[in-house]
Student: 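Could you have a look at this structure, given as structure tokens, before my questions?
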Amino acid sequence: MTVEMLEELYGQPHARALRKELAFLSDDYRAFVEASPFVVLSSVGPSGTDCSPRGDRPGFVRVIDRTTLAIPDRPGNNRIDSLRNIVADGRVSLLFLVPGSGETLRVNGQASIAIDADLLTSFAVDGRKPRTVVIVAITSVYFHCARAIVRANLWDSARHVDETALPSAGTMHQHLSDGTFDGAAYDREQPARIKDSLY
């Protein structure tokens with residue numbers, strides 16, 4: 001397969017699909033970022049690619065200016081896969097979702113990691129500061145139409161899966177440890193553990 005073959009197969013994109021790509025945050029795009037409580041951060045590095053979910057209160061991704069975003073790195077599993085990649089290769093992509101909205105917002109850019117004390121303090125929640133803040137210099141930004149969300153019925157609560165139909169985190173840990181991990185205890189303690197480590 002070649003690019004030429006793909007272009008022949010798919011044809012040319014509509015002018016609207018090209019016009020919506022900007023090198024900065026328009027007022028409309030900024031409104032989307034500020035309303036979003038969830039973003040997926042994609043990065044690339046020597047060991048390959050990574051895709052990491054980030055969530056917090058709406059507007060947790062701060063608009064510094066029309067070409068700069070700041071994302072606090074809240075407590076997680078300390079694998080720091082995305083941060084390792086950013087240190088090695090700053091290219092990142094972001095996908096913003098807003099519950100109830102079919103559109104998504106895609107941002108591409110160059111990321112760096114900041115540990116400035118004042119910046120970390122400005123992102124504190126309940127007195128807890130993030131360890132780092134990811135700064136994204138925007139190179140392109142555009143919205144994606146609602147087709148994928150509509151096909152997935154993502155916001156239709158009638159289509160939501162019953163959690164008991166899926167393996168729990170404790171069950172997966174137990175299976176990964178060949179049964180030496182107490183999955184039931186992990187699941188019992190999970191709600192309190194998450195609440196205590198949110199920030």
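Please read all numbers here as calculations on a predicted model, not as lab measurements.
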Student: Does a donor on one side chain sit under 3.5 Å from an acceptor on the other, for S82 and N85?
Tutor: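 No - no donor-acceptor pair under 3.5 Å links their side chains.
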
Student: Is any side-chain heavy atom of I113 less than 4.5 Å from a side-chain heavy atom of V133?
Tutor: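 No, every pair of side-chain atoms sits at 4.5 Å or beyond.
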
Student: Is it the case that one hydrophobic cluster holds both F38 and V136, taking links as side-chain heavy atoms less than 4.5 Å apart, direct or via other members?
Tutor: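 Result: no, two separate clusters.
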
Student: Taking the six-membered ring of F143 as reference, does the cationic atom of K20 (NZ for Lys, CZ for Arg) lie under 6.0 Å from its centre and within 45° of its axis?
Tutor: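 So K20 does make the cation-pi contact.
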
Student: Can you tell me how far the OG atom of S36 sits from the CZ atom of R57, to the nearest 0.5 Å?
Tutor: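 Taking OG in S36 and CZ in R57, the distance rounds to 15.0 Å.
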
Student: Do you know which two heavy atoms are closest between A70 and I135, and how far apart they sit?
Tutor: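 Minimum heavy-atom separation between A70 and I135: CB-CD1, 3.8 Å.
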
Student: Side-chain contact, heavy-atom cut-off 4.5 Å: V63 with T68?
Tutor: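 A side-chain contact under 4.5 Å is absent here.
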
Student: Do L154 and V40 share a hydrophobic cluster, counting only Ile, Leu, Val, Met, Phe, Trp and Tyr and linking them when any side-chain heavy atoms are less than 4.5 Å apart?
Tutor: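 They do share one cluster, since a chain of ILVMFWY contacts under 4.5 Å joins L154 to V40.
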
Student: Quick one: CG on D28 to CD on E103, what's the gap to the nearest 0.5 Å?
Tutor: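 The distance works out to 11.5 Å.
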
Student: Please confirm whether the backbone N or O of A117 pairs with a side-chain atom of T121, one donor and one acceptor, at under 3.5 Å?
Tutor: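 Between the backbone of A117 and the side chain of T121 there is a qualifying donor-acceptor contact (under 3.5 Å).
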
Student: Could you walk me through whether D73 and R54 satisfy the side-chain contact (heavy atoms from CB on, under 4.5 Å) test, starting with their C-alpha distance in whole Å, then the side-chain angles of each, then the deciding distance to 0.1 Å, before giving a yes or no?
Tutor: CA-CA 8 Å; D73 192 60; R54 306 296 170 105; 2.6 Å; yes

Student: How far apart are the closest heavy atoms of A124 and K129, and which atoms are they?
Tutor: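 That closest heavy-atom pairing would be CB-CG, 3.8 Å.
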
Student: Under a 4.0 Å threshold between the charged nitrogen and the carboxylate oxygen, would D89 count as salt-bridged to R91?
Tutor: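 Salt bridge: yes.
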
Student: Just so I know, are the side chains of L69 and I64 near enough to count as touching, which here means a heavy-atom distance under 4.5 Å?
Tutor: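 Answer no - side chains too far apart.
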
Student: Looking only at heavy atoms, what is the nearest atom pair of S197 and R193, with distance?
Tutor: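 Heavy atoms only, the tightest pair is OG-O, 3.0 Å.
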
Student: Could you state the interatomic distance from CD (E34) to CZ (F96), rounded to the nearest 0.5 Å?
Tutor: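 One finds 10.5 Å between CD of E34 and CZ of F96.
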
Student: How long is the span from the CD1 atom in I80 to the CG atom in D50, to the nearest 0.5 Å?
Tutor: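 Output value for this atom pair is 11.0 Å.
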
Student: Checking side chain to side chain contact (heavy atoms under 4.5 Å, CB included) between R66 and each of L22, V141, D27, which is the one that passes?
Tutor: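 Of the listed residues L22, V141, D27, the side chain to side chain contact (heavy atoms under 4.5 Å, CB included) partner of R66 is D27.
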
Student: Do NZ/NE/NH1/NH2 and the carboxylate oxygens of D56 and R74 come within less than 4.0 Å?
Tutor: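 Salt bridge present between D56 and R74.
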
Student: Please determine whether salt bridge (Lys or Arg N to Asp or Glu O under 4.0 Å) holds for the pair D126 and R128, giving the CA-CA distance in whole Å, both sets of side-chain angles, and the decisive distance to 0.1 Å.
Tutor: CA-CA 6 Å; D126 297 333; R128 298 182 184 179; over 6 Å; no

Student: Is there a path of hydrophobic side-chain contacts, each under 4.5 Å between heavy atoms, that joins L83 and I115?
Tutor: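 Different clusters.
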
Student: Using the test ring pair (Phe, Tyr, Trp, His ring centres under 6.0 Å), find all partners of F181 that sit at least two apart in sequence or belong to another chain.
Tutor: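 Partners of F181 under the ring pair (Phe, Tyr, Trp, His ring centres under 6.0 Å) test: H173, Y186.
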
Student: Search all heavy atoms of E21 against all heavy atoms of S140 and return the closest pair with its distance.
Tutor: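 In this case the closest contact between E21 and S140 is OE2-CB, 3.2 Å.
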
Student: State, to 0.1 Å, how close F32 and T104 come at their nearest heavy-atom pair, and which atoms those are.
Tutor: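 Smallest heavy-atom distance, with atoms named: CZ-CA, 3.9 Å.
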
Student: Would you find a donor on one side and an acceptor on the other, under 3.5 Å apart, between the side chain of S101 and the backbone of V98?
Tutor: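 Answer holds: no.
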
Student: Calculate, to the nearest 0.5 Å, the distance between atoms CD1 and CG belonging to I86 and D81 respectively.
Tutor: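 Those atoms lie 11.0 Å apart.
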
Student: Do T67 and D65 have side-chain N/O donor and acceptor atoms under 3.5 Å apart?
Tutor: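 There is such a pair (donor and acceptor under 3.5 Å, judged by atom type) between the side chains of T67 and D65.
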
Student: Look at the side chain of N153 and the backbone N and O of D156, then say whether any donor-acceptor pair between them is shorter than 3.5 Å.
Tutor: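 It does not hold such a pair.
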
Student: With Y29, which residues qualify under side chain to side chain donor-acceptor pair (under 3.5 Å), at least two apart?
Tutor: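 Per chain and number, Y29 pairs via side chain to side chain donor-acceptor pair (under 3.5 Å) with no residue.
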
Student: Can you confirm whether L9 is buried at CG, in the sense that more than 12 heavy atoms of other residues, nucleotides or ligands lie under 6.0 Å from that atom?
Tutor: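 Yes, enclosed.
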
Student: Tell me, with the steps shown, if R84 and S47 meet side-chain hydrogen bond (donor to acceptor under 3.5 Å, both in side chains).
Tutor: CA-CA 10 Å; R84 292 177 197 276; S47 298; over 6 Å; no

Student: When rounded to the nearest 0.5 angstrom, what is the spacing between CG in L105 and CZ in R30?
Tutor: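 Rounded to the nearest 0.5 Å, the CG-CZ separation comes to 13.0 Å.
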
Student: Go through the side-chain N and O atoms of T139 and N108 and say whether any donor and acceptor fall under 3.5 Å apart.
Tutor: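 No pair is found: no donor N or O on one side chain lies under 3.5 Å from an acceptor on the other.
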
Student: Are V39 and L97 packed together at the side-chain level, in the sense that at least one heavy-atom pair is separated by less than 4.5 angstrom?
Tutor: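 Answer no - side chains too far apart.
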
Student: Taking all heavy atoms of A114 and all of L120, pick out the closest pair and write down the distance.
Tutor: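 Residues A114 and L120, closest heavy atoms: O-CD2, 4.2 Å.
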
Student: May I ask whether V61 and L119 are part of the same hydrophobic cluster, defined by side-chain heavy atoms of I, L, V, M, F, W, Y residues being less than 4.5 angstrom apart, directly or through others?
Tutor: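 No.
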
Student: Could you check whether any side-chain heavy atom of L6 comes within less than 4.5 Å of a side-chain heavy atom of E8, counting everything from C-beta outward?
Tutor: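 Not touching, per the 4.5 Å side-chain cut-off.
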
Student: If two hydrophobic side chains count as joined below 4.5 Å and joins carry through other members, does F24 share a cluster with I138?
Tutor: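 Yes: a chain of side-chain contacts under 4.5 Å links F24 to I138.
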
Student: Kindly confirm or rule out a cation-pi arrangement of R62 over F123, judged by NZ or CZ under 6.0 Å from the six-membered ring centre and within 45° of its axis?
Tutor: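 Pair R62/F123 counts as cation-pi.
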
Student: Cut-off 3.5 Å, side chains only: do T164 and D162 have a donor facing an acceptor?
Tutor: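 Yes, D162 and T164 have a side-chain donor paired with an acceptor closer than 3.5 Å.
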
Student: What verdict does the side-chain contact (heavy atoms from CB on, under 4.5 Å) test give for V92 and V107, after you've listed the backbone C-alpha separation in whole Å, the side-chain angles of each residue and the deciding distance to 0.1 Å?
Tutor: CA-CA 8 Å; V92 296; V107 176; over 6 Å; no

